[in-house]
Amino acid sequence: MSDAAQPTAAEVRAAAEAVKTALDRHLAAVERRSEEDDQAVYEAFNELAAAAEAYDELLYDRYDEVTPFEIPGAEDSLPPYTGPEEPNALSVLIRRDYAVAEPQRLLAQAQRIEAVDQEDGAEGDRAAGTLHGALGVLFGEYEPDEIASRHKEFGLEEGDSTLWVTAADESADPGEWLDAPFDQVDPQRVVCRFDVSSVFDEDDTDVDDEDDEGDEDGDEGAEVDLDGVELDALDEDEDLEPLDADRR
């Protein structure tokens, strides 16, 4: 990082003070806890985690030092489940991120789809001449799961993805949430979630490297119990994209 982009010493000091304040608020919330799943404690916990993470990043950027804090991931910070024990309905939230790695390939695929439609007599504006128009053609033609499995063919590169399953007391009325599908999501009704990220791959690589150093005799490592491990086959920040999924 360049000197111009580095945080100032004052910014690092302010971040440290923010951690101290968040610690005091968290302790006060714990001392005033009225029930096991106290919302105030949950909120104070998240504020403390965010303050500690911000301080850790600034400290590293400025001084190349780290803290002993381990910041929980998003899944670890979900509050305890308080939804119905026997849900009558489910909502599934999915987010998949892509980078447009090969714009020309994406345009070519969309133009090919458009050409086939015109041969079949379909009327409409030619949208495949621009990237945003090509994306509309692509996602209008294929199901999101098919795009996920063929993303390289469409000039896309996979980013992070997540799937959340939430419980509901009853199914929503038709059209009830379509104007704002991701508002008022209750994290305490999340039954389970599955995340896919290159971050996990990097963590696995580090573990594998350590294991390789310890297996000098060439023996293969023990089998790993996959129960409860996040599944790559099940592919949600601010906005969650509703890809062939219902709202939670």
Charged N-O contact under 4.0 Å between Asp195 and Arg95: no

Ring-ring centroid check Tyr142 Phe154, cutoff 6.0 Å: yes

Test item: Glu158 and Ser198 side chains (from C-beta on) under 4.5 Å apart, heavy atoms: no

Joint hydrophobic cluster, Leu27 plus Leu48, side-chain heavy atoms closer than 4.5 Å: no

Note, Leu163 side chain near Val165 side chain (heavy atom, < 4.5 Å): yes

Separation between CG of Leu156 and CD of Gln109, rounded to the nearest 0.5 Å: 9.5 Å

Residues forming a salt bridge (charged side-chain N to carboxylate O under 4.0 Å, His left out) with Lys152, sequence neighbours excluded: none

Whether Glu141 side chain and Leu138 backbone form a donor-acceptor pair below 3.5 Å: no

Backbone of Ala148 reached by a side-chain donor or acceptor of His151 within 3.5 Å: yes

Approximate separation, where rounding is to 0.5 Å, of Leu58 CG and Glu65 CD: 14.0 Å

Heavy atoms of other groups near Gln104 CD, more than 12 under 6.0 Å: no

Partner residues of Arg150 under the salt bridge (charged side-chain N to carboxylate O under 4.0 Å, His left out) criterion, sequence neighbours left out: Glu146, Glu153

Pairwise side-chain contact, Tyr42 with Asp38, heavy-atom cut-off 4.5 Å (strictly under): no

From Thr8 atom OG1 to Arg13 atom CZ, the distance as rounded to the nearest 0.5 Å: 11.5 Å

Flag, side chain of Glu176 to backbone of Asp173, donor-acceptor distance under 3.5 Å: yes

Val190 with Val41, same ILVMFWY side-chain cluster at under 4.5 Å: no

Gap separating the OH atom of Tyr81 from the CD atom of Glu85, nearest 0.5 angstrom: 6.5 Å

Heavy-atom pair with the smallest gap, counting every atom of Asp160 and Ser197: OD1-OG, 2.8 Å

Min side-chain heavy-atom separation Val116-Gln111 under 4.5 Å: no

Heavy-atom side-chain proximity of Thr67 to Tyr60 below 4.5 angstrom: no

Non-hydrogen side-chain atoms of Thr166 and Asp186 separated by less than 4.5 Å: no

Worked verdict on Val30 versus Phe45 for side chain to side chain contact (heavy atoms under 4.5 Å, CB included): CA-CA 9 Å; Val30 171; Phe45 173 89; over 6 Å; no

Approximate separation, where rounding is to 0.5 Å, of His26 NE2 and Glu31 CD: 11.0 Å

Residue pair Gly155 / Arg105: nearest heavy atoms and the distance that separates them: N-CD, 3.3 Å

Main-chain N/O of Ala52 paired to Asp56 side chain as donor or acceptor, under 3.5 Å: no

Taking every non-hydrogen atom, the tightest pair across Asp61 and Pro7: CB-CD, 3.6 Å

Asn88 side-chain N/O to Asp169 backbone N/O, donor-acceptor pair under 3.5 Å: yes

Joint cluster assignment, Leu135 & Leu131, ILVMFWY side-chain distance < 4.5 Å: yes

Least distance between heavy atoms, Val19 atom then Tyr55 atom: CG2-CB, 3.7 Å

Atom pair CD (Gln6) and CG (Asp64), whose distance is rounded to the nearest 0.5 Å: 9.5 Å

For the student: nearest non-hydrogen atoms of Ala44 and Ala29, plus distance: CB-CB, 4.0 Å

Any donor-acceptor pair under 3.5 Å from Tyr63 side chain to Val66 backbone: no

